[in-house]
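The first residue of the sequence shown is numbered 1, and numbering continues consecutively from there. Because the structure is a prediction, the values reported are computed rather than measured. As the structure lists them, so they are numbered: ligands from 1, and atoms in each ligand from 1.
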Amino acid sequence: MVERKIITAREEESLDIEVGKDLIKMNDRLAAQNLEILNKHGVIAVDVMGSVGAGKTALIESMVDRLKGRKRVAMIAGDVTTTIDADRVARHGVPSIQINTGKECHLDANMIRKAITELDLKALDLIFIENVGNLICPADYALGCQRRLVVVSVTEGEWMIVKHPLIFKSANVVAINKLDLATAMGLNVDKLAEDARTINPRILVARTSVKNGQGIDELLAHLGL
Ligand code: MG
Ligand code: ZN
């Protein structure tokens, strides 16, 4: 038998944990203020999280098209350096703000504060916030959104959910995306849905395909939109 060892990082051993705790506390305070500002204006914000290539932008485009004439929508896009996603959504006639995070692999409440200050909240009902493509630290950084959506695609394989429990714990809705490719990928979509519900029994699951429009209405319903 080959020797097999497991090292589990404990909180108190992590070097940046003290700084980290203060940062998260500060972020939580700012997020609570953001939520207050959004609620005061009757604006719903959706934090859209998921890996690069999961289909976050495409899903947002698809939802924006269906909500046309029903809701006044804006988009805030987080990206390390490009403006590709904000440009894409802007083409659907939606005001968009790009946040380039530089070195940071997540959006935080302070960046969102700056962005919502730039938007005319009185003229809006809804803001989609596309987080940086990453399933780890966005879980720790609340933005002050009323809803949190995680997008996973069937092309990412069968372990995407079980390997990222924190982000699913903090989410209200999961979209299992690129459903049209599930058969080609040989992926068991029921198992993925079950994984999400095991981690978070209250999570709502939508099975979506931007390509054929499947599940987009269900996703909007799950988000209460
Ligand atoms: Mg994107
Ligand atoms: Zn990060």
Side-chain angles (χ1 to χ4, degrees), residues 9 11 14-28 30-31 34 45-65 73-115 126-145 147-156 160 163-171 173-179 181 206 208-211 216 219 223:
E11 270 207 354
S14 180
L15 286 178
D16 58 5
I17 196 69
E18 286 311 317
V19 178
K21 267 183 193 153
D22 285 349
L23 250 176
I24 302 274
K25 236 185 263 163
M26 211 157 62
N27 185 76
D28 282 346
L30 278 170
N34 288 349
V46 184
D47 183 0
V48 184
M49 304 171 286
S51 307
V52 175
K56 298 184 294 300
T57 315
L59 267 181
I60 292 171
E61 289 180 278
S62 190
M63 289 191 280
V64 161
D65 283 344
V73 187
M75 186 228 198
I76 298 170
D79 193 286
V80 173
T81 137
T82 79
T83 63
I84 297 167
D85 296 343
D87 295 345
R88 263 172 71 181
V89 176
R91 264 181 251 129
H92 295 255
V94 163
S96 67
I97 292 182
Q98 180 71 53
I99 300 174
N100 284 131
T101 58
K103 278 189 339 199
E104 291 301 332
C105 46
H106 55 267
L107 288 173
D108 66 33
N110 191 40
M111 299 174 198
I112 294 305
R113 167 66 56 83
K114 285 186 191 157
L126 174 66
I127 305 172
F128 286 115
I129 301 177
E130 180 173 346
N131 217 313
V132 181
N134 163 11
L135 281 180
I136 313 273
C137 45
D140 286 331
Y141 288 85
L143 304 180
C145 295
R147 320 257 198 280
R148 292 188 110 188
L149 162 67
V150 189
V151 182
V152 284
S153 73
V154 301
T155 53
E156 294 171 289
M160 283 309 279
K163 287 193 178 185
H164 301 95
L166 281 183
I167 207 147
F168 292 94
K169 251 180 212 152
S170 73
V173 182
V174 56
I176 301 176
N177 197 30
K178 305 193 188 179
L179 201 64
L181 298 174
T208 55
S209 164
V210 172
K211 213 166 183 184
I216 308 294
L219 175 59
L223 289 168

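- Residues passing the salt bridge (charged side-chain N to carboxylate O under 4.0 Å, His left out) test with Asp108: none are found, sequence neighbours excluded.
- Put simply, OH on Tyr141 and CG on Leu107 are 11.5 Å apart, with the number rounded to the nearest 0.5 Å.
- Here salt bridge (Lys or Arg N to Asp or Glu O under 4.0 Å) pairs that include residues 77-87, with residues two or more places apart or in two chains, number zero.
- Taken to the nearest 0.5 Å, the CD atom of Gln98 stands 10.5 Å off from the CD1 atom of Ile76.
- Atom OG1 of Thr208 is separated from atom CE of Met63 by 8.5 Å, given to the nearest 0.5 angstrom.
- In this structure, CD1 in Ile127 is found 8.5 Å from CD1 in Ile112, a value given to the nearest 0.5 Å.
- Looking only at protein N/O/S atoms, the ones less than 2.8 Å from the Mg ion (ligand 1) make 3 in total.
- Taking each heavy atom of Pro138 and Asn131 in turn, the nearest pair found is CB-ND2, 3.8 Å.
- Note that CD of Glu61 and NE2 of His92 are 3.5 Å apart. Values are rounded to the nearest 0.5 Å.
- Within the model, atoms CG of Leu59 and OG of Ser209 stand 9.0 Å from one another, a figure rounded to the nearest 0.5 Å.
- Neighbours of the Zn ion (ligand 2) restricted to protein N, O or S atoms under 2.8 Å: the count is 3.
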